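Only one structure is covered here, and it is reproduced in the block below.
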2 protein chains.
Amino acid sequence: MTHTVVSSATREVVLGPDRPFVVIGERINPTGRSMLAAQMAAGDYGRVRTDALAQVAAGATVLDVNAGIPLADEPAILAEAIRQVQSVVDVPLSIDSSIVAALEAGLATYDGKALVNSVTAEEQQLAAVLPLVAKHGAAVVAITNDENGISEDPDVRFALARRIVERAADHGIDRCDIVVDPLVMPIGAIGQAGRQVMSLVRRLSTELGVNSTCGASNISFGLPNRVSINAAFLTMSIGAGLTSAITNPLEAEITQAIRAADVLAGNDPHCASWIRHNRPAVGTEGAGRGRRDTSRRRAAAGG
Amino acid sequence: MTHTVVSSATREVVLGPDRPFVVIGERINPTGRSMLAAQMAAGDYGRVRTDALAQVAAGATVLDVNAGIPLADEPAILAEAIRQVQSVVDVPLSIDSSIVAALEAGLATYDGKALVNSVTAEEQQLAAVLPLVAKHGAAVVAITNDENGISEDPDVRFALARRIVERAADHGIDRCDIVVDPLVMPIGAIGQAGRQVMSLVRRLSTELGVNSTCGASNISFGLPNRVSINAAFLTMSIGAGLTSAITNPLEAEITQAIRAADVLAGNDPHCASWIRHNRPAVGTEGAGRGRRDTSRRRAAAGG
């Protein structure tokens with residue numbers, strides 16, 4: 001049973017097949033969010049902090065922080081975003097950039113054991129990112145593509161995962177610190193994309209002994225009602241052994257599906273989290289969350 | 001790849017890992033429905049027919065018919081219920097009784113290749129039900145308990161499934177006509193019940209080469225928001241290889257989860273069923289189903 005530990009200064013989160021699924025909040029990312037991009041570029045991190053708080057409140061236990069803004073000073077902005085996020089929440093962070101200098105700046109400022117997002121199987125990437133991961137004692141997301149791009153053949157993607165694990169070992173990085181992203185293809189284009197990922201996730205866990213993550217929403221690209229497909233995809237993937245995903249915890253359907261999957265995977269002891277989040281309303285008072293809590297306290301006091 | 005074929009006079013339905021999931025509608029069952037029980041006992045089958053039509057409209061491709069009414073003439077009522085159902089819908093039926101004479105009466109009146117629900121691994125049951133299944137060329141649901149009751153050990157349940165398959169072979173019944181129910185335990189009582197069933201379902205498919213079914217709702221017994229747990233359970237089970245379930249197609253969340261799981265399992269070619277059931281509304285007209293259809297026809301005519 002492989003456990004991947006990431007941490008902030010005060011909190012540790014463990015990825016593993018016998019642990020609650022780890023939701024890595026994806027919202028702090030200026031790609032496609034022009035207002036957020038403009039604010040971050042202008043040194044305004046109000047929205048970054050709000051997004052951090054909202055995602056943690058919604059159930060994210062790790063937050064991804066990305067500062068990929070064209071023509072901006074990404075290393076400086078990423079480092080500042082990390083400081084800002086760490087000033088308001090205590091969950092561990094995933095430091096997300098395709099620019100090595102930005103990962104370096106992020107790691108230098110980060111307080112804890114970060115998840116570096118990401119390294120691919122491209123030679124140049126392996127040579128640049130792995131030493132950085134080793135130096136900071138971080139964990140790293142391994143993306144299963146190389147110089148030839150993303151293969152549609154899941155066996156090729158599995159072989160690339162194995163290559164990254166082997167290269168990481170050369171740098172003294174244990175497989176428990178590699179979190180593999182098997183890459184999710186749109187099922188509207190590739191009908192077997194779901195089966196492929198389930199099979200890959202299972203092999204990553206059983207054959208390679210690594211934890212896994214993915215950007216789940218790619219599966220539903222081009223389809224109507226994407227959220228329901230994404231929720232079902234996560235449920236099925238958790239059954240296959242997926243241990244984390246980079247996703248949007250503010251989507252209630254996603255968060256609810258993950259809670260149910262945790263119950264079914266036996267990773268919600270006594271179904272306590274499920275019961276807490278799905279407690280039926282008591283009498284006529286029970287419409288809102290706060291009211292439910294009041295009723296519960298009252299019942300506890302009375303009983 | 002094992003295919004189980006069941007049929008009515010005019011329609012064939014195939015259970016298999018490469019086929020859309022088969023929803024066996026559970027509603028025609030007087031257990032816990034006192035009004036339905038009273039009507040059936042009095043020879044009034046109006047509700048039986050209505051339930052049949054509603055379940056098929058909601059997506060059931062097989063209907064379970066049960067007439068277990070205390071002190072009533074179950075064989076006669078079951079046979080009449082089957083005639084009534086076959087008079088209004090053309091889906092294959094599952095003939096559901098624990099009384100051999102009732103199964104016999106149901107099979108005698110049924111037009112097509114039925115699914116007999118069920119046989120256990122109890123010696124007396126095997127001896128009474130298997131000859132009946134063989135005589136009528138039916139398929140049969142195999143329940144994995146024996147004289148000792150239901151074992152909490154999934155290996156015991158797997159061994160019982162194997163025993164039923166072997167005994168059936170002695171009667172000339174091929175494994176393709178055995179649909180095994182691995183028995184779902186309440187996860188509120190047995191925390192590993194979900195993992196156990198997923199593992200059993202996978203083994204039934206890969207090791208024993210049989211199709212599977214289950215009564216999904218047992219998993220959520222005692223928990224709040226049971227429907228969401230049941231929906232997630234079916235999604236995860238379909239990922240593990242479950243090919244049918246006896247469930248309530250009138251629960252929209254269940255039906256929607258199964259459709260999404262069919263997409264992810266690669267069993268909804270071109271995502272056609274998903275797209276049809278999740279087509280976004282067009283303009284302001286699109287609130288209702290009928291209106292969406294109108295818009296679509298118009299778009300097709302205009303294009």
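Throughout, protein chains are lettered first and strands after them, A, B, ... in sequence-line order, and every chain is numbered starting at 1. Just so it is clear, the structure is predicted and the values come from calculations on it, not from any experiment.
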With rounding to the nearest 0.5 Å, note down the distance linking [atom1] in [X] to [atom2] in [Y].
X       : Y       : atom1 : atom2 : value
R195(A) : D18(B)  : CZ    : CG    : 7.5 Å
N225(B) : H277(A) : CG    : NE2   : 12.5 Å
Q192(B) : L264(A) : CD    : CG    : 11.0 Å
L223(A) : W274(B) : CG    : CH2   : 8.5 Å

At a 4.5 Å cut-off on heavy atoms, which part of [X] comes close to chain B: side chain, backbone, both, or neither?
X       : answer
I187(A) : both
D268(A) : neither
R259(A) : neither

Indicate yes or no: at least one non-hydrogen side-chain atom of N278(B) is less than 4.5 angstrom from one of R226(A).
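No, side chains not in contact.
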Is chain A contacted by the side chain of I190(B), its backbone, both, or neither, given a heavy-atom distance below 4.5 Å?
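Neither part.
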Closest non-hydrogen atom pair, [X] against [Y]:
X       : Y       : value
T235(A) : M236(B) : O-CE, 3.4 Å
Q256(B) : S228(A) : NE2-OG, 4.0 Å
A232(A) : A260(B) : CB-CB, 3.6 Å

More than 12 heavy atoms from other groups under 6.0 Å of CD on E152(A):
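For E152(A), atom CD is not crowded (no more than 12 foreign heavy atoms under 6.0 Å).
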